[in-house]
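Worksheet: the structure to be examined is printed underneath.
Position 1 is the first residue of the sequence, and the numbers go up from there.
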Amino acid sequence: MLSRSLAAVPRRLAALTAALGLAACGSTAPNAAGPSEPGFVTPGGTAAPSVSAAASPKAAASPSATAGPCGVFPANSVWRADVSKLPVHRSSGALVNSIGAAAHMHPDFGAGLWEGAPIGIPVTTVKPGQKTVKVTFEYAGESDKGPYPVTADAKVEGGRSSDGDRHVILYDAAGCKVYELYAAYPAGSGWRAGSGAIYDLRSNKLRPAGWTSADAAGLSIFAGLARYEEVAAGRITHALRITVPRSRNTYVWPARHAASNSSDAALPPMGLRLRLKAGVDTSKMPTQARIIAEAMKKYGVIVADNGSPWYLSGAPDDRWSNDALRALKNLQGSDFEAVDTGGLMVDKNSGAIRG
């Protein structure tokens, strides 16, 4: 079940281009009336023409999060927007086909070990007052300096000997922050990483336009993970993170970064929102799978990285039932549709939604 992400090469190319000054930070201008679709943004800063002309109704903000004392961003965050009633994107068919209409969803997390490592992207909870360390970055120009509260036993995606994406996610519930690292390795008394981002979970502020994060889309990884605690509480109240085989060299709000060299309009941009179609029957799914599927109907999924088609991200936990999660593999790309999120955006630099 462990993903073999294809993200590293395009992410490194995009970040290197930006570091060399060839990629300006671009974004669409804010529109008080709300654009029909936040324009796809090229790394060169030119907004591509909108691919949707449908007006979007106001989406309701979700109730409070369920992840302990500090959840996934504020109640009016785009991550927690109910997208079940938004219009279908006019290019939905082409976008879904490019991801893989016949490809099946793959829950890229679970219980136990795969090749000696926990299955999924682990989250390390840090205690109040945790000692911080210096992290040096390969892409320092698009990384938050820190310091970062990396514990001696911090969990690394794929395990300490992994040669994969090696994400490190540090959740500080007391400070209501999450610290995220990509390609993270211990280095002397500190750590080194490809890139890093720090998020205030009480804020809707986005990263600077054009910046990566620990994720290709410049978004929080933590915000899009399926976590056992949420499912045990009975519901997930935010969108989930997925990967796609190929993306377009553009990004759409709330994403901040592209990770492709292709201008093919049929490919999804980073940040694209999709949802599980309302008519897909989830009633016979095991409880854990059903709660996740219901979240994908209401809050949808967000394209966050390049990788395998329809790979759904989550945090490992021995309380997951791998048999139950396997029911999600019965879903395939044709069960999803892209949605027009244009009416949600208030400000291009904010993840807050209207209403």
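Test Leu95, Leu272, Val303 against Val244 for side chain to side chain contact (heavy atoms under 4.5 Å, CB included) and you get one pass: Val303. The only option from Asn349, Thr212, Asp215 that meets the side chain to side chain donor-acceptor pair (under 3.5 Å) definition with Arg256 turns out to be Asn349. Between Glu180 and the choices Ser195, Ser220, Ser213, the side chain to side chain donor-acceptor pair (under 3.5 Å) rule is met once, by Ser220. Among the candidates Ile221, Val135, Val156, the single residue satisfying the side chain to side chain contact (heavy atoms under 4.5 Å, CB included) test with Leu181 is Val135.
Looking at Arg354, its side chain does come within 3.5 Å of a backbone N or O of Met345 through a donor-acceptor pair. The main-chain N or O of Ser350 is found under 3.5 Å from a side-chain atom of Trp253 such that the two form a donor-acceptor pair. Without hydrogens or angle criteria, Ser143 side chain to Gly196 main chain gives a donor-acceptor distance under 3.5 Å. Between the side chain of Asn97 and the backbone N or O of Gly93, at least one donor-acceptor pair lies under 3.5 Å. When atom types are taken as modelled, the side chain of Asp144 and the backbone of Ile198 share a donor-acceptor pair closer than 3.5 angstrom. Between the side chain of His89 and the backbone N or O of Ser91 there is at least one donor-acceptor pair closer than 3.5 Å.
Residues Thr341 and Val339 meet the side-chain proximity criterion, which asks for heavy atoms closer than 4.5 Å. Leu219 places a side-chain heavy atom less than 4.5 Å from the side chain of Pro254. Taking the side chain as every heavy atom from C-beta outward, Lys155 and His167 never approach each other to under 4.5 Å. Side-chain contact check for Ser98 versus Pro268: some heavy-atom pair is nearer than 4.5 Å. Taking 4.5 Å as the limit, every side-chain heavy atom of Val150 sits out of range of all side-chain heavy atoms of Val126. Inter-residue side-chain proximity for Ser92 and Val96 is flagged as met; some heavy-atom pair is nearer than 4.5 Å. Between Val178 and Asp172, every side-chain heavy-atom pair lies at or beyond the 4.5 Å cut-off. At least one side-chain heavy atom of Leu113 sits less than 4.5 Å from a side-chain heavy atom of Pro118.
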Could you go through the side chain to side chain donor-acceptor pair (under 3.5 Å) check for Asn306 and Ser247 one step at a time?
-> CA-CA 7 Å; Asn306 298 311; Ser247 61; 2.8 Å; yes
Assess whether side chain to side chain contact (heavy atoms under 4.5 Å, CB included) is satisfied between Thr136 and Arg192, documenting all intermediate values.
-> CA-CA 5 Å; Thr136 57; Arg192 60 182 173 86; 3.5 Å; yes
For Leu170 and Val168, what are the C-alpha separation, side-chain angles and deciding distance, and is it a side chain to side chain contact (heavy atoms under 4.5 Å, CB included)?
-> CA-CA 7 Å; Leu170 307 158; Val168 171; 4.0 Å; yes
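Ionic pairing of Asp82 and Lys85 is not present here: no N-O contact between side-chain nitrogen and carboxylate oxygen is shorter than 4.0 angstrom. The pair Arg290-Glu294 meets the salt-bridge criterion, since a charged nitrogen lies less than 4.0 angstrom from a carboxylate oxygen. The existence of a salt bridge linking Asp340 and Arg273 is excluded, since no basic side-chain nitrogen approaches an acidic carboxylate oxygen closer than 4.0 Å. Glu337 and Arg275 are joined by a salt bridge, as a carboxylate oxygen and a charged side-chain nitrogen come within less than 4.0 angstrom of each other.
By the 6.0 Å contact criterion, NZ on Lys297 is enclosed, its count of non-hydrogen atoms from other residues, nucleotides or ligands being greater than 12. For Asp163, the CG atom counts as loosely surrounded, since its 6.0 Å shell holds 12 or fewer non-hydrogen atoms of other residues, nucleotides or ligands.
Closest non-hydrogen pair, Ala226 versus Ile236, comes out as CB-CD1, 4.3 Å. Pairing each heavy atom of Arg207 with each of Gly218, the nearest pair is CD-O, 3.4 Å. Here the closest non-hydrogen pair linking Arg202 and Ala174 is NH2-O, 4.1 Å. When all heavy atoms are compared, the tightest approach of Gly159 to Arg166 is O-NH1, 3.5 Å. Scanning both residues, Gln332 and Ala102, for their nearest heavy atoms gives OE1-O, 4.1 Å. When all heavy atoms of Asp318 and Gly112 are compared, the pair lying nearest together is OD1-N, 3.1 Å.
One finds the CG atom of Leu201 at 10.5 Å from the CG atom of Asn204 (value rounded to the nearest 0.5 Å). Atom CD1 of Ile99 and atom OG1 of Thr243 lie 9.5 Å apart (nearest 0.5 Å). To the nearest 0.5 Å, atom NE2 of residue His104 and atom OH of residue Tyr311 are 12.5 Å apart. Atom CD of residue Glu157 and atom CD1 of residue Ile119 lie 12.5 Å apart, to the nearest 0.5 angstrom. Rounded to the nearest 0.5 angstrom, Thr237 OG1 and Arg235 CZ are separated by 6.0 Å. Within the model, atoms CZ of Arg227 and CH2 of Trp320 stand 9.5 Å from one another, a figure rounded to the nearest 0.5 Å.
Evaluation of the side chain to side chain donor-acceptor pair (under 3.5 Å) test over residues 120-132, restricted to residues two or more places apart or in two chains, returns none.
Residues satisfying the side-chain contact (heavy atoms from CB on, under 4.5 Å) criterion with Asp153, sequence neighbours excluded, are Thr151. Considering only residues two or more places apart in sequence or on other chains, Tyr148 meets the ring-ring contact (aromatic ring centres under 6.0 Å, His included) condition with Phe137, Tyr179. Under the ring-ring contact (aromatic ring centres under 6.0 Å, His included) criterion, Trp310 pairs with Phe336, not counting sequence neighbours. Applying the side-chain contact (heavy atoms from CB on, under 4.5 Å) test to Ser262 and every residue at least two apart in sequence or in another chain returns Arg246, Ser260, Asp264, Leu267. For Leu312, the side-chain contact (heavy atoms from CB on, under 4.5 Å) partners are Met105, Phe109, Leu240, Ile242, Ile292, Met296, Val301, Leu328, not counting sequence neighbours.
Taking the six-membered ring wherever Trp is involved, the centroid distance between the rings of His257 and Tyr251 does not fall below 6.0 Å. Aromatic rings from His238 and Tyr299 are positioned such that their centres are separated by 6.0 Å or more.
Hydrophobic clustering, with ILVMFWY side chains joined whenever heavy atoms are under 4.5 angstrom apart, groups Leu274 together with Leu276. In the hydrophobic cluster analysis, where Ile, Leu, Val, Met, Phe, Trp and Tyr join through side-chain heavy atoms closer than 4.5 angstrom, Leu206 is grouped together with Leu344. In the hydrophobic clustering of ILVMFWY residues, with side-chain heavy atoms under 4.5 Å counting as a link, Met285 and Val280 come out together.
Note: Phe73 and Tyr199 have perpendicular aromatic rings, judged against thresholds of 30 and 60 degrees for the angle between ring planes.
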